[in-house]
Each structure stands twice: as structure tokens, then as C-alpha cells.
**Student:** 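Have a look at the structure that comes next, please.
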Amino acid sequence: QVQLVESGGGLVQAGGSLRLSCAVSGRTFIGYTMAWFRQAPGKERELVARNSWTGSTYYADSVNGRFTISRDNAKNTVYLQMNSLKPEDTADYYCAAASSVRPPSSDAYNYWGQGTQVTVSS
């Protein structure tokens with residue numbers, strides 16, 4: 001059974017930084033596209049960042065170059081470095097994995113973590 005476990009969330013002041021981690025167990029994520037999604041209360045889930053095993057990356061314009069997704073294949077861990085955090089970044093953040101190189105939507109992701117909460121105070 002493949003499991004994704006997020007960690008690193010918490011409360012931070014605006015302008016601060018956090019690094020989220022997603023540990024994958026049960027199977028190597030080599031060959032999988034990894035992504036971070038977030039969902040704020042009352043809002044729909046949105047794709048924040050994506051990292052394909054081929055090396056391509058994607059970032060939502062809302063993160064405005066402030067976030068960086070990376071992976072450590074040896075540790076089966078994906079990271080989301082979040083800098084210059086804003087109150088609008090407050091949300092539950094989810095790690096997801098897809099077998100497709102270019103998942104067309106969130107429905108294409110095969111595995112999901114339980115999420116980690118990020119709260120940015122003003």
C-alpha cells in the first residue's frame with residue numbers, strides 16, 4: 001500500500017518561511033509525477049506546484065515565484081519550500097502522486113496524503 005505523509009505545516013507570520021515534506025512509502029516514486037495541492041476553507045482545491053520525474057516543473061501564478069518544489073529520490077521525499085508567505089497562503093496542503101507524466105487534472109492523481117495545515121498570520 002502506497003502512503004504519502006505530509007509534515008512541516010504550522011503557524012507562521014507573513015513574510016516567513018516553511019518547508020513542507022512528503023514522505024512516500026510502499027513504492028518508489030521514481031517514474032511518478034509529484035504535486036502539492038492546497039485547499040482553503042470554502043474554496044476549491046488548487047494545484048500549487050508539480051514536479052515530473054522527467055524534470056519539468058509547474059507553479060501556480062498565485063505563489064508568484066515564492067515556492068519551490070523539489071525531490072530527494074534516495075529518500076522518497078518531496079519538499080515544498082515556501083518563502084515570503086502571505087495570509088492568502090493559509091490552507092491545508094496535500095501531497096499527491098500520479099503515474100502520468102502530465103496529469104490532466106487532480107482526478108488523475110493516484111495517491112494522496114492526509115494533509116498538513118499552514119496558517120499565515122498578518
Side-chain angles (χ1 to χ4, degrees):
Q1 179 68 32
V2 175
Q3 290 186 312
L4 281 62
V5 180
E6 302 97 335
S7 63
L11 175 64
V12 64
Q13 291 184 320
S17 298
L18 285 173
R19 188 178 75 161
L20 305 183
S21 298
C22 174
V24 181
S25 63
R27 184 180 298 177
T28 176
F29 63 23
I30 295 177
Y32 281 77
T33 294
M34 303 299 300
W36 287 94
F37 290 81
R38 68 184 181 187
Q39 186 167 23
K43 296 184 178 180
E44 295 185 357
R45 179 179 55 195
E46 67 172 338
L47 175 64
V48 176
R50 182 180 66 226
N51 178 277
S52 171
W53 67 271
T54 62
S56 63
T57 58
Y58 164 85
Y59 296 96
D61 58 6
S62 59
V63 304
N64 199 30
R66 299 173 293 119
F67 293 5
T68 302
I69 185 172
S70 62
R71 63 168 68 190
D72 186 330
N73 289 331
K75 297 181 178 180
N76 265 14
T77 301
V78 179
Y79 304 96
L80 183 68
Q81 179 66 46
M82 305 184 294
N83 298 324
S84 301
L85 284 163
K86 303 176 180 179
E88 51 263 41
D89 295 319
T90 296
D92 290 333
Y93 284 72
Y94 299 88
C95 181
S99 58
S100 173
V101 173
R102 187 180 294 177
S105 69
S106 60
D107 292 335
Y109 287 83
N110 308 94
Y111 308 103
W112 293 82
Q114 292 299 308
T116 185
Q117 186 176 70
V118 173
T119 302
V120 184
S121 64
S122 59

**Student:** Test R50 against Y109 for side chain to side chain contact (heavy atoms under 4.5 Å, CB included), laying out the working first.
**Tutor:** CA-CA 11 Å; R50 182 180 66 226; Y109 287 83; 3.3 Å; yes
**Student:** Are the side chain of T90 and the backbone N or O of V120 linked by a donor-acceptor pair below 3.5 Å?
**Tutor:**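 Answer holds: yes.
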**Student:** Once disulfide bond (SG atoms under 2.5 Å apart) is applied, what residue pairs with a partner in residues 29-60 remain, sequence neighbours excluded?
**Tutor:**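 Sorted pair list comes back empty.
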**Student:** Using the rule given for side chain to side chain contact (heavy atoms under 4.5 Å, CB included), can you reason through L4 versus C22, listing the C-alpha separation, both sets of side-chain angles and the distance that settles it, and then say yes or no?
**Tutor:** CA-CA 6 Å; L4 281 62; C22 174; 4.0 Å; yes
**Student:** With rounding to the nearest 0.5 Å, note down the distance linking CD in Q81 to CG in L18.
**Tutor:**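 Reported to 0.5 Å precision, the distance equals 8.5 Å.
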**Student:** Do the rings of Y94 and W112 sit parallel, tilted or perpendicular, given the 30° and 60° boundaries?
**Tutor:**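 Ring orientation, 0 to 90° scale: perpendicular.
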**Student:** To the nearest 0.5 Å, how far apart are OG in S62 and CD in E88?
**Tutor:**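 Here the interatomic distance stands at 9.0 Å.
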**Student:** For atom CD of Q114, decide whether the heavy atoms of other residues, nucleotides or ligands shown that lie under 6.0 angstrom number more than 12.
**Tutor:**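 At most 12 heavy atoms, drawn from other residues, nucleotides or ligands, come within 6.0 Å of this atom.
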**Student:** Can any side-chain N or O of T33 pair as donor or acceptor with the backbone N or O of S100 at less than 3.5 Å?
**Tutor:**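 Flag set: sc T33 to bb S100 pair under 3.5 Å.
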**Student:** Determine, step by step, whether V118 and L20 satisfy the side chain to side chain contact (heavy atoms under 4.5 Å, CB included) criterion, reporting the C-alpha distance in whole Å, the side-chain angles of both residues, the deciding distance to 0.1 Å, and the verdict.
**Tutor:** CA-CA 9 Å; V118 173; L20 305 183; 4.0 Å; yes
**Student:** Within the structure provided, determine whether Y111 and Y32 are in side-chain contact (heavy-atom separation under 4.5 Å).
**Tutor:**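 Yes, close enough: below the 4.5 Å cut-off.
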**Student:** Are the side chains of Y59 and T68 in touch, meaning some heavy atoms are under 4.5 Å apart?
**Tutor:**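 A side-chain contact exists here, since the closest heavy-atom pair is under 4.5 Å.
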**Student:** Regarding T57 and N51, is there a side-chain donor-to-acceptor distance under 3.5 Å anywhere?
**Tutor:**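 On atom types as modelled, these side chains do not qualify, holding no pair under 3.5 Å.
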**Student:** Run the side chain to side chain contact (heavy atoms under 4.5 Å, CB included) test on D89 and M82 for me, step by step, so that the C-alpha distance in whole Å, both residues' side-chain angles and the decisive distance to 0.1 Å come before the verdict.
**Tutor:** CA-CA 9 Å; D89 295 319; M82 305 184 294; over 6 Å; no
**Student:** Does any non-hydrogen side-chain atom of C95 lie less than 4.5 Å from one of M34?
**Tutor:**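 A side-chain contact under 4.5 Å exists here.
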**Student:** With rounding to the nearest 0.5 Å, note down the distance linking CZ in R38 to CD in E46.
**Tutor:**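 These two atoms lie 4.5 Å from each other.
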**Student:** Apart from Y79 itself, what residues make up its hydrophobic cluster when side-chain heavy atoms of I, L, V, M, F, W and Y under 4.5 Å apart count as a link, directly or indirectly?
**Tutor:**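 So far as hydrophobic clustering goes, Y79 is joined with none.
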**Student:** Near R45 CZ, under 6.0 Å, is it more than 12 heavy atoms from other residues, nucleotides or ligands?
**Tutor:**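 Result for CZ/R45: enclosed.
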